Amino acid sequence: FKLTPLTAAILVIVSAQAMADDSVSNQSQVGTANIAEVKQTAAPFSTAAQQQLGEGNDAMAVQDTATGTITQDQAGDFNAGYAEQLFENGSTIVQQQVGSLNISHASQSIGMGENQALQQQTGSGNFSFLYQDSQEATKGQTFQFGDANEANIEQIQLGIANNATIIQYGTANYGTTEQIAHMGGEIGINQAGEGNYAYGDQRDGNGGVITINQFGDFNGSEVWQGGQTANSQATVNQYGQTNETVVDQSFGQNNNAQVLQVGDVNAIYADQFDSVGSVLALYQQGTGNVHFTYQSGDSHVLNATSVGTENKVYASNWKGPQLGGQFGSNQRATVTQAGNGNIASFNQDGVGHIMTTNQTGTGNKTTISQADSYNELYFDQNGSDNILIADQRGTTNLAQGTTNGTGNTTEFDQSGTGNQAFTTQLYGSDNMISVKQADTMNVAYVTQGGTGNMASVDQSGVTQMATVQQLGSDNRATVLQQ
């Protein structure tokens, strides 16, 4: 059925009804060039009511082999509405338009029954499309308040008790939801502003909740969830302009992703792939912050917070200049950034690793790699242009430190079992610490304060211990134990 506006100069009122027994149709038209058509075939107890007020309105309702209800209300100019229910039982479609040049399309076909479709448009030039196929007890709703907004909901193939809602305030917002061959999924999209883009997706799974809230202009967001078996959730909140988010959760159980962006031109790409029980929470506030994440395996936890300008967290195996991520099982990572131009990159591969870093200031950089099993790293950077490089391999190694000042550098290289390194840069600038430990249960303590100090510890063997303390300027210390 093609919907076209008619010229106001032509007066056409057409009311066509083909009804089966016990069906009820009520059509009221006031204005110019209105058209309303109703077809009800082999559908006892069905009801179709269409009311049009204005000029150039089109409305058509079709119910075939169904017991259902269709209601269409149109008030304004050149509105068009189309509703169809085929092979449905006890399903309901309601479409209401107030304004001009709005279009609504709802179709429920070859379904099991008790599906609901509700579309409301207020404004001018809004487009809404809702299609539900082979669903049972599924509900789709679109609400548009503004101009030139577009909302598309598809809930298709075999599915039960899915729920999708799109609410749009503003101008030229675009929102889409898809639930394909899914059971018990919920998708909610809320947009207020101009030019925002949001897309949801849940398919081939059971359960799962997607919530996207956008307040501002030209924000973009995509969320996919596939293979859920319980309570996978993804929540995206964006406040500001031109923020971008992509969240992908697939092939997992009990995944939980939360993304909050406040400001302008922030970007997050978060992955949880082939994982069980993964948790991912990201928060960015400011301008130009970037985060890439990839998690695959079992029971991962990642928390990343960036506040400021142009902070970056690189932990993805497919995006960014430095590849990383979390692989294996039971890893945890926490990255906190406050300031400007801080960069954090990490890669954890293996079992049971723990990493926590905090960056406060400007231009600080961390590059961390942990492999094998149960290694831990805790490090704080305060100041500007400080550098941390850490590489831990083996089992139950520990690196812990703090840097305060400007241009300080700390390097950890640990392999073996049970080695521990503790470093502190109290104050100053251009200080350097290097700790390298291998074999078993070696311990190193290094403390610096001042300018241009250098300390190097290289230990291998069993239960070696080194302690270095430097205060002042241009001190040099080298420890080698084997």
Side-chain angles (χ1 to χ4, degrees), residues 199-203 205 208 210 220-228 232-236 243-261 266-284 289-306 311-337 342-357 359 365-373 375-377 388-393:
Y199 172 72
D201 190 352
Q202 288 180 330
R203 64 180 68 203
I210 294 176
S221 181
E222 289 192 32
V223 177
W224 322 316
Q225 290 180 313
Q228 305 94 327
S232 296
Q233 297 184 19
T235 302
V236 178
N243 294 303
E244 182 179 1
T245 302
V246 175
V247 176
D248 180 5
Q249 294 179 327
S250 52
F251 312 138
Q253 296 179 348
N254 302 316
N255 296 314
N256 185 353
Q258 296 182 349
V259 179
L260 172 61
Q261 296 193 117
N266 296 303
I268 291 178
Y269 307 92
D271 302 271
Q272 291 179 332
F273 177 79
D274 197 22
S275 61
V276 178
S278 296
V279 177
L280 170 69
L282 309 173
Y283 167 62
Q284 293 190 146
N289 297 303
V290 176
H291 184 102
F292 307 111
T293 296
Y294 177 81
Q295 294 181 314
S296 179
D298 183 9
S299 302
H300 306 294
V301 176
L302 170 68
N303 300 306
T305 301
S306 297
N311 296 302
K312 296 176 175 62
V313 178
Y314 297 130
S316 174
N317 69 334
W318 62 273
K319 187 73 173 179
Q322 296 172 285
L323 300 182
Q326 293 186 324
F327 314 92
S329 61
N330 301 318
Q331 287 99 327
R332 292 183 292 173
T334 300
V335 179
T336 302
Q337 296 174 315
N342 297 301
I343 298 175
S345 174
F346 67 93
N347 179 28
Q348 296 193 114
D349 189 5
V351 179
H353 301 303
I354 298 175
M355 185 199 79
T356 300
T357 64
Q359 295 175 311
K365 183 177 181 180
T366 63
T367 302
I368 299 167
S369 177
Q370 295 194 126
D372 297 328
S373 58
N375 296 302
E376 298 182 29
L377 184 142
L388 166 67
I389 300 174
D391 186 359
Q392 294 196 118
R393 307 166 307 282

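Predicted, not measured: the structure shown is a model, and the values here were computed from it.
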Closest non-hydrogen atom pair between L302 and H291, with its separation
CD2-NE2, 4.1 Å
Could you check whether any side-chain heavy atom of Q258 comes within less than 4.5 Å of a side-chain heavy atom of L260, counting everything from C-beta outward?
no
With the side chain counted from C-beta on, respond yes when N303 and Y283 share a heavy-atom pair under 4.5 Å apart, and no when they do not.
no
Note, T357 side chain near M355 side chain (heavy atom, < 4.5 Å):
yes
Taking the side chain from N266 and the backbone from N289, do they hold a donor-acceptor pair closer than 3.5 Å?
yes
Is the shortest heavy-atom distance from the side chain of T367 to the side chain of K365 under 4.5 Å?
yes
Which heavy atom of A234 sits nearest a heavy atom of V247, and at what distance?
CB-CG1, 4.5 Å
For atom CZ of R332, decide whether the heavy atoms of other residues, nucleotides or ligands shown that lie under 6.0 angstrom number more than 12.
no
List the atom of S278, the atom of Q295, and the distance in Å for their closest heavy-atom pair.
CB-OE1, 4.2 Å
Closer than 3.5 angstrom, by distance alone: can the side chain of Q225 be matched with the main-chain N or O of G208 as a donor-acceptor pair?
no
What is the distance from atom OG1 of T245 to atom CD of Q261, rounded to the nearest 0.5 Å?
4.0 Å
If you round to the nearest 0.5 Å, how far is CD of Q359 from CG of L388?
8.5 Å
Check whether H353 reaches the backbone of D372 with its side chain - one donor and one acceptor, N or O, closer than 3.5 Å.
yes
Shortest non-hydrogen contact from Q337 toward S306
OE1-OG, 2.7 Å
Separation between CD1 of I210 and OG1 of T235, rounded to the nearest 0.5 Å:
9.5 Å
Have a look at Q249 and tell me which of Q233, Q272, Q202 forms a side-chain contact (heavy atoms from CB on, under 4.5 Å) with it.
Q272
CH2 of W224 to CG of D271, rounded to nearest 0.5 Å, is 8.0 Å
Validation row: T293, H300 side chains within 4.5 angstrom (heavy atoms):
no
Taking ring pair (Phe, Tyr, Trp, His ring centres under 6.0 Å) as the test, write out the residues that go with F292, two or more places apart.
Y269, Y314
Between N311 and N342 (side chain of the first, backbone of the second, donor and acceptor by atom type, cut-off under 3.5 Å), is there such a pair?
yes
